[in-house]
Amino acid sequence: MAKDYYKILGVEKNASKEDIKKAYRKLAMQYHPDKNNDAGATEKFKEISEAAAVLSDDEKKAQYDRFGSAGPQGGFGGSSGFEGFSGFDDINDIFESFFGGTSRRNRKRKGSDLRYDITIDFEDAAFGTEKEIQFERMDKCKECDGKGYRKDSDVEECSHCNGSGRVTKDVRTPFGLFRQSATCNHCSGEGRAIKNPCKECNGTGKSSKRVKLNVKIPAGVDDGSTLRIGGEGMAGERSAGAGDMYIVVHVRPHKYFARDGTDLHIEVPISYAQAVLGAKIEVPTLEKPVNMKVPAGTESGTTFRLEGKGMKDVDGWGYGDLLVKVNIEVPKKLSKKEKELIEKLAGVKEEPSKSFLEKMFGK
Ligand SMILES: [Zn+2]
Ligand SMILES: [Zn+2]
């Protein structure tokens, strides 16, 4: 009864453990007896589980590879070969026994994480702020403190596993009969059954609650950043810990400032006269405006750097810079007096286009 375990899982001979795990998971979902009533699927499920049990175990896999697609005569069968082989009462048990999980008995599921999207103004991102958010979540039931029952007399030992949380059963495989231990389905491995569930939460230990939370948003936070608030997610299973809350921060763009890391960019108009003669101009920053010197003969589009006038680094590494690009504004409307002055200026100064032509043609 030679079987090609690689073929069964549809993976290459050199497939990684991760690939094997993935292939198995996919097939196991497809052929899981909980989802299929026909015997063919159950057979198939056994087959892929068997293949995964061997290929996911380094030692068994090495033996299998050495002896080909052989059965127990190949050297790895027998009672010692397959303690890991699991049945199919609980798909999580199978994953655990194959891929090295922990016993379910003491493992309670942590609550799910939650996500909340918040949009703040640019200034709030620059200086930090505090926002109150409100949302619904499943919280620990107050009545029973998340236990699902109120008094100790409301629980009894699970009769299906006699309080051990696990049941053993015999599983027939191509290599013989194996005794296998699985989580008790009736008590989910708790070993106890609730006789009188808490009326408030019907024994789930959780109830829906509207929650208000104050969120501290640090100065320098960037658009798309995520803030994690530990323990503010959904309540966990029974006494297990709650999940986390992830706040995704969106920052509204500023009308004038553009952000690039911790640096800020701004464009400021200056007059022709200021550009030619030089000037001291006022430049807006995130706080109060500051004076900046524009040297005589500044070209339009020149960028100046104001150190430390940018955004605060969210991790506390100081401040970025403010990059100021000056643009010469050409007036569209002139008074009679202005026009006269400009015409006068045009008369004394050679036109740049003329000298350019001369340079080009050597005239
Ligand atoms: Zn039980
Ligand atoms: Zn309750």
Side-chain angles (χ1 to χ4, degrees), residues 28-29 32-37 42 45-46 49 53 82-114 134-173 177-213 229-245:
M29 294 294 178
H32 195 279
D34 282 355
K35 290 184 184 167
N36 297 278
N37 288 323
T42 305
F45 185 75
K46 279 185 196 169
S49 297
F82 258 168
E83 309 93 338
F85 187 72
S86 183
F88 18 84
D89 282 335
D90 181 341
I91 197 152
N92 294 314
D93 262 15
I94 301 168
F95 289 138
E96 277 170 14
S97 61
F98 283 178
F99 305 120
T102 51
S103 157
R104 216 181 136 90
R105 180 153 167 76
N106 295 314
R107 195 205 61 188
K108 295 206 183 91
R109 242 169 249 135
K110 202 184 144 207
S112 318
D113 295 332
L114 292 174
Q134 289 191 32
F135 56 96
E136 292 274 337
R137 79 170 171 218
M138 294 305 282
D139 253 9
K140 214 187 230 187
C141 171
K142 285 262 177 306
E143 272 311 303
C144 62
D145 196 32
K147 293 198 301 282
Y149 58 91
R150 296 192 200 207
K151 316 185 291 290
D152 281 346
S153 58
D154 290 336
V155 279
E156 59 189 0
E157 191 174 84
C158 172
S159 59
H160 299 270
C161 60
N162 296 319
S164 72
R166 293 192 78 78
V167 287
T168 50
K169 62 186 292 182
D170 293 330
V171 181
R172 192 170 294 281
T173 78
L177 198 63
F178 294 99
R179 176 142 292 183
Q180 173 241 324
S181 155
T183 302
C184 173
N185 277 341
H186 297 272
C187 61
S188 308
E190 298 259 322
R192 293 179 304 181
I194 298 174
K195 217 167 23 174
N196 301 310
C198 165
K199 287 191 179 61
E200 188 65 29
C201 63
N202 292 319
T204 61
K206 294 181 217 176
S207 60
S208 176
K209 198 180 146 201
R210 187 143 190 92
V211 185
K212 281 185 194 171
L213 205 61
I229 307 177
E232 292 291 351
M234 297 279 207
E237 231 172 53
R238 302 280 156 76
S239 52
D244 301 328
M245 168 56 101

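These values consider heavy atoms only, across backbone and side chains, with no hydrogens, waters or symmetry-generated copies. Just follow the structure's listing: the first ligand is 1, and inside any ligand the first atom is 1.
Of all heavy-atom pairs spanning N196 and Y149, the tightest one is O-CB, 3.9 Å. Listed here is the closest heavy atom pair of G148 and C201: CA-SG, 4.3 Å. T183 approaches G189 most closely through the heavy-atom pair CG2-N, 3.6 Å.
Salt-bridge check for K147 with D152: failed, with every basic side-chain N at 4.0 Å or more from each acidic carboxylate O. The residues E232 and R137 are annotated as salt-bridged, a charged nitrogen and a carboxylate oxygen being separated by less than 4.0 angstrom.
Rounding to the nearest 0.5 Å gives a distance of 4.0 Å between NE2 of H160 and NE2 of H186. Separating the SG atom in C184 from the CG atom in N162 is a distance of 9.5 Å, to the nearest 0.5 Å. Taking CE of M234 as the start and OG of S208 as the end, the distance is 8.0 Å to the nearest 0.5 Å.
Shown are the protein N/O/S atoms under 2.8 Å from the Zn ion (ligand 2), given by residue and atom: C141 SG, C144 SG, C198 SG, C201 SG. Shown here are the protein N/O/S atoms lying under 2.8 Å from the Zn ion (ligand 1), water excluded: C158 SG, C161 SG, C184 SG, C187 SG.
Inter-residue side-chain proximity for D244 and K110 is flagged as met; some heavy-atom pair is nearer than 4.5 Å.
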